S.K.: 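The structure is given below, and queries will be raised subsequently.
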Amino acid sequence: MTSETRARTERFDPAAYEANWRERWERDGLYQARDDDPRDKQYVLTMYPYPSGDLHIGHWYAATGPDIVARVRRMHGDNVMFPMGFDSFGLPAENAAIDRGVDPATWTAGNIDRMRAQFRTMGCMFDWTREVVTSDPAYYHWTQWLFVQFFKAGLAYRAMAPVDWCPKDQVVLAREQVEGVDRHCWRCGTPVIKRDLEQWFFRITNYADELLDFSGIDWPEPIRLMQTNWIGRSEGAEIDFPVEADGVDPIRVFTTRPDTIFGATFMVLAPEHALVSVLTTPEQREAVDSYVVAARSETEIERTSTEREKTGVFIGAYAVNPLNNERIPIWIADYVLPGYGTGAIMAVPAHDERDFAFAHRYDLPIRYVVVPASGELPTSEAFAAHEADEVLADSGEFGGMPASEAIGAITQQLVDIGLGSFAVSYRLRDWLISRQRYWGAPIPIVYCPDHGAQPVPEEQLPVLLPSDVDFAPTGVSPLQSDAGFLAAECPVCGGPARRDTDTMDTFVDSSWYFLRYTSPHSALAWEPEKAKLWMPVDLYTGGAEHAVLHLMYARFFVKALRDMGMLDFDEPFLALRNQGQILGADHQRMSKSRGNVANPDELVARYGSDAVRCFLMFIGPWDQGGPWNPSGIDGIHRFLGRVWSVGQPSLTDAVATNDADELERALRRATHVAIAGVSEDVEAFRFNTALAKLMELTNAVTRAREAGLGSAPVYADAVDTLLLLLAPMAPHITEELWSRRGKPYSIHQQAWPAYDPALAAADTIELPVQVNGKLRDRLVVTPDTPAEEIEKMALGSEKVQAHLGGRPPKRVIHVPGKLVNIVTP
RNA sequence: GCCGGAGUGGCGGAAUGGCAGACGCAGCCGACUUAAAAUCGGCGGCCGCAAGGCGUGGGGGUUCGAGUCCCUCCUCCGGCACCA
């Protein structure tokens with residue numbers, strides 16, 4: 001650059017223009033998605049945040065990726081909606097109320113205001129006119145209304161259930177909110193315990209099979225696998241084992257291996273099983289009772305530890321094997337879980353590790369009934385009968401039958417004698433949605449002494465949260481101590497009734513917020529025609545940690561609402577992409593308690609929003625994340641500085657060169673190579689390599705200017721293209737330069753540059769020449785050089801000849817455009 | 001234990017089975033400057049004076065050719081975990 005142009009170029013100072021452009025975009029409603037836009041719609045969505053207080057670097061990381069894609073799709077000519085809101089019900093607000101005495105609503109509203117302002121500094125194309133806030137009565141009105149619809153459709157029911165209870169947060173948790181080996185609370189980490197409570201459930205298990213079907217949606221394989229495993233479909237049989245006592249129902253078991261029934265040497269009931277008290281003999285009563293009491297007081301940790309030695313008690317009673325009438329002793333043991341299958345098993349110690357360990361400890365018989373076709377049999381451990389080439393042994397008329405065949409044959413025989421059925425069991429349980437806390441949507445149900453649980457009439461919704469309650473956690477909802485809230489009227493008889501004092505799991509709120517964005521101010525939950533216009537979401541992004549929570553619940557909601565006639569599609573999110581997690585500098589998950597939360601404000605103030613966006617996208621693949629280390633942001637700042645420099649208008653310091661034509665072709669080629677590369681990378685969420693390609697183009701443009709091309713049309717084209725390609729990632733600097741160059745406002749409304757392969761084609765290519773796969777020389781040829789000539793040139797190379805040692809080559813492999821490899825004899 | 005994902009320079013990372021290390025960071029050298037910062041240019045896997053050799057977690061294999069495909073082992077990260 002000459003000193004003359006340097007003087008003309010204003011100093012690169014993002015602070016001088018970034019906020020101004022954001023205000024202009026806002027004022028112009030540039031990012032508002034219009035319902036009456038005739039172009040193809042494109043609904044891009046990123047998971048809305050919990051308003052915890054301040055945005056951290058992870059929010060920037062998560063939002064920038066989809067913002068880039070949304071912007072590119074907009075430049076491709078689509079009518080793009082990219083909304084944002086707040087998932088604002090939940091425990092932290094209530095804990096803040098307890099700790100600091102502030103009202104949850106006030107605390108939440110303050111956080112939302114702060115975070116909304118911080119969000120705006122990102123320069124994302126969020127359409128804030130569509131914002132939803134789930135703790136707003138105008139929103140939870142409809143969450144409650146949806147609950148009533150689920151109730152009326154038979155998909156919401158109340159049941160006494162042993163539930164996971166967090167003793168610290170004093171709240172019931174969904175199974176999905178209990179994590180890890182020690183069965184701890186997902187929020188506070190405290191080990192959970194079991195309690196029996198009347199709870200509301202959503203019948204998600206009705207949709208277990210449909211939720212296993214991912215055809216037609218483009219979701220990451222790991223997420224699909226996690227949901228599949230979570231749903232845990234197992235095919236097998238239910239089998240009735242009659243008991244010796246008169247007038248008592250048989251013991252029904254679920255098994256995936258009915259073919260091993262002749263190896264059943266004992267039965268095991270879960271300690272909670274209803275038949276335990278009926279069947280226990282007087283002599284065993286005391287031992288059984290004390291075992292049951294002990295099992296029920298155990299924590300989840302103890303109960304489900306796989307390390308622990310298996311324990312149990314014989315209850316004194318016997319069942320009868322329905323196929324051979326053998327007498328089988330009945331035990332109880334806590335390794336049989338009450339909530340899975342039928343809560344009872346036929347124990348086949350020869351072919352199940354757990355039954356094997358139990359039999360070993362209590363000296364129960366072990367009988368092998370499935371053997372390898374080879375005839376060999378292990379004797380010291382449970383032999384996992386799984387393989388295809390196995391046959392039954394010691395199994396009456398089924399002896400010698402292949403195991404795979406026997407599964408069906410034995411079940412069929414049990415069906416024929418009325419003591420069995422083909423059955424499917426799922427790991428998935430119904431979704432427990434009751435929460436004994438304040439800061440959530442009240443469950444819109446009243447209890448009448450005469451008419452039981454009745455939904456609040458729709459015209460009386462919303463059931464508003466009272467604002468003056470005592471927040472100290474007591475194990476019951478704070479709403480229970482609020483007499484004004486508690487008192488209600490039975491919608492059937494008008495008599496006095498009691499309101500439900502629990503609130504809904506916040507995952508209920510987030511199971512339909514994407515529908516509310518389509519018509520956020522509607523006097524309905526959503527306008528059917530608006531949902532028809534925008535739904536389903538075309539691209540959804542967020543963290544993989546929601547694989548079996550939000551992402552499964554939202555699918556369930558859409559399927560249930562479809563069956564209620566309220567929606568006409570099957571899946572909420574057509575495509576899903578997960579961003580990686582930005583970890584603290586200590587490689588640990590960012591959390592306030594660890595003190596490793598990185599705040600972007602300082603970086604934004606120093607380098608500008610564009611630099612922070614680009615830096616985050618540049619550090620690695622977006623789906624990978626990684627530990628936070630801001631040291632590389634200087635490189636991005638320098639890059640944007642070079643863009644600032646080349647993007648200035650009317651550079652006239654052109655110097656005539658005698659090879660201008662070739663230089664111009666090279667610059668045009670670099671431009672079109674960048675168009676192709678960036679387009680491809682952005683669609684694939686490879687923002688890091690897209691930026692690398694933009695850096696290469698910038699370097700090529702800089703070189704061209706140094707070479708004197710500054711006033712050539714091809715130079716202006718290259719710069720314009722650079723700005724257009726960079727605009728989705730760095731919306732401010734590109735708008736500023738676009739404007740300075742006298743181009744029409746806004747750059748974000750321009751068409752994405754068109755790629756011309758002919759202009760990207762190289763004049764000459766460099767071909768590596770290998771001998772036995774090792775690089776020995778290079779050839780520079782034009783793309784149309786005939787293969788024979790290239791091979792002749794390769795063989796003629798001195799370096800190649802040195803390695804051939806005068807011998808003729810054994811083989812010559814020529815991959816056109818790639819390389820030549822010569823194999824020596 | 002089961003199911004995923006990942007191991008590449010000092011660092012972040014790149015590479016449809018075809019030149020390993022693109023693009024950056026940090027570093028070193030140089031230009032500009034009284035000087036520094038900023039900016040610009042250059043150098044950079046390891047061993048070796050060189051020729052050359054060795055290099056993508058370890059070991060084996062397929063191939064003319066392997067970071068990439070196959071087998072096996074190790075380490076790290078995520079999910080699930082007595083689910084019959």
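Just so it is clear, the model here is predicted, and its values are computed rather than measured. So that the names make sense, note that chain A is the first sequence line, chain B the second, and so on, each numbered from 1.
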S.K.: Using the salt bridge (Lys or Arg N to Asp or Glu O under 4.0 Å) criterion, which residues pair with A/Arg233? Sequence neighbours excluded.
M.R.: A/Asp209, A/Glu235
S.K.: Excluding sequence neighbours, so at least two apart, what forms side chain to side chain contact (heavy atoms under 4.5 Å, CB included) with A/Pro365?
M.R.: A/Thr265
S.K.: Can you build the contact string for nucleotides 51-56 of chain B? Use B for base contact, S for sugar-phosphate-only contact, and - for no protein heavy atom under 4.0 Å.
M.R.: --SS--
S.K.: Which value, in whole Å, describes the distance between the P atoms of nucleotides B/C23 and B/A14?
M.R.: 14 Å
S.K.: Could I get the full list of side chain to side chain donor-acceptor pair (under 3.5 Å) partners for A/Ser421, not counting sequence neighbours?
M.R.: none
S.K.: Among residues at least two apart in sequence or on other chains, which ones pass salt bridge (Lys or Arg N to Asp or Glu O under 4.0 Å) with A/Asp218?
M.R.: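 Applying salt bridge (Lys or Arg N to Asp or Glu O under 4.0 Å) to A/Asp218 gives A/Arg577.
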S.K.: Sequence neighbours excluded, which residues qualify as ring pair (Phe, Tyr, Trp, His ring centres under 6.0 Å) partners of A/Tyr291?
M.R.: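 Expected list: none.
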S.K.: Please set out all donor-acceptor pairs under 3.5 angstrom arising from side-chain atoms of residues 671-681 of chain A, sequence neighbours excluded.
M.R.:
{"from": "A/Thr671", "atom 1": "OG1", "to": "A/Leu667", "atom 2": "O", "distance (Å)": "2.8"}
{"from": "A/His672", "atom 1": "ND1", "to": "A/Asp756", "atom 2": "N", "distance (Å)": "3.0"}
{"from": "A/Ser679", "atom 1": "OG", "to": "A/Ile675", "atom 2": "O", "distance (Å)": "2.6"}
{"from": "A/Ser679", "atom 1": "OG", "to": "A/Trp752", "atom 2": "NE1", "distance (Å)": "2.8"}
{"from": "A/Asp681", "atom 1": "OD1", "to": "A/Arg686", "atom 2": "NE", "distance (Å)": "3.2"}
{"from": "A/Asp681", "atom 1": "OD1", "to": "A/Arg686", "atom 2": "NH2", "distance (Å)": "3.2"}
{"from": "A/Asp681", "atom 1": "OD1", "to": "A/Lys693", "atom 2": "NZ", "distance (Å)": "3.4"}
{"from": "A/Asp681", "atom 1": "OD2", "to": "A/Thr689", "atom 2": "OG1", "distance (Å)": "2.9"}
{"from": "A/Asp681", "atom 1": "OD2", "to": "A/Ala690", "atom 2": "N", "distance (Å)": "3.3"}
{"from": "A/Asp681", "atom 1": "OD2", "to": "A/Lys693", "atom 2": "NZ", "distance (Å)": "2.7"}

S.K.: According to salt bridge (Lys or Arg N to Asp or Glu O under 4.0 Å), who are the partners of A/Arg224, at least two apart in sequence or on a separate chain?
M.R.: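 Salt bridge (Lys or Arg N to Asp or Glu O under 4.0 Å) check on A/Arg224 returns A/Glu221.
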S.K.: Taking only residues two or more places apart in sequence, or in another chain, which ones meet A/Asp634 in a side chain to side chain donor-acceptor pair (under 3.5 Å)?
M.R.: A/Tyr607
S.K.: Tell me, please, which residues at least two apart from A/Arg589 pass salt bridge (Lys or Arg N to Asp or Glu O under 4.0 Å).
M.R.: none
S.K.: Both distances under 3.5 Å, Watson-Crick or G-U wobble: on that basis, could you give the dot-bracket string for RNA chain B, with [ ] for crossing pairs and | for other-strand partners?
M.R.: (((((((..(((.....[....))).(((((.......))))).(((....)))..(((((..]....))))))))))))....
S.K.: Could you run down nucleotides 15-24 of chain B 5' to 3' and tag each one B, S or - for protein heavy-atom contact under 4.0 Å?
M.R.: -B-BB--BBS
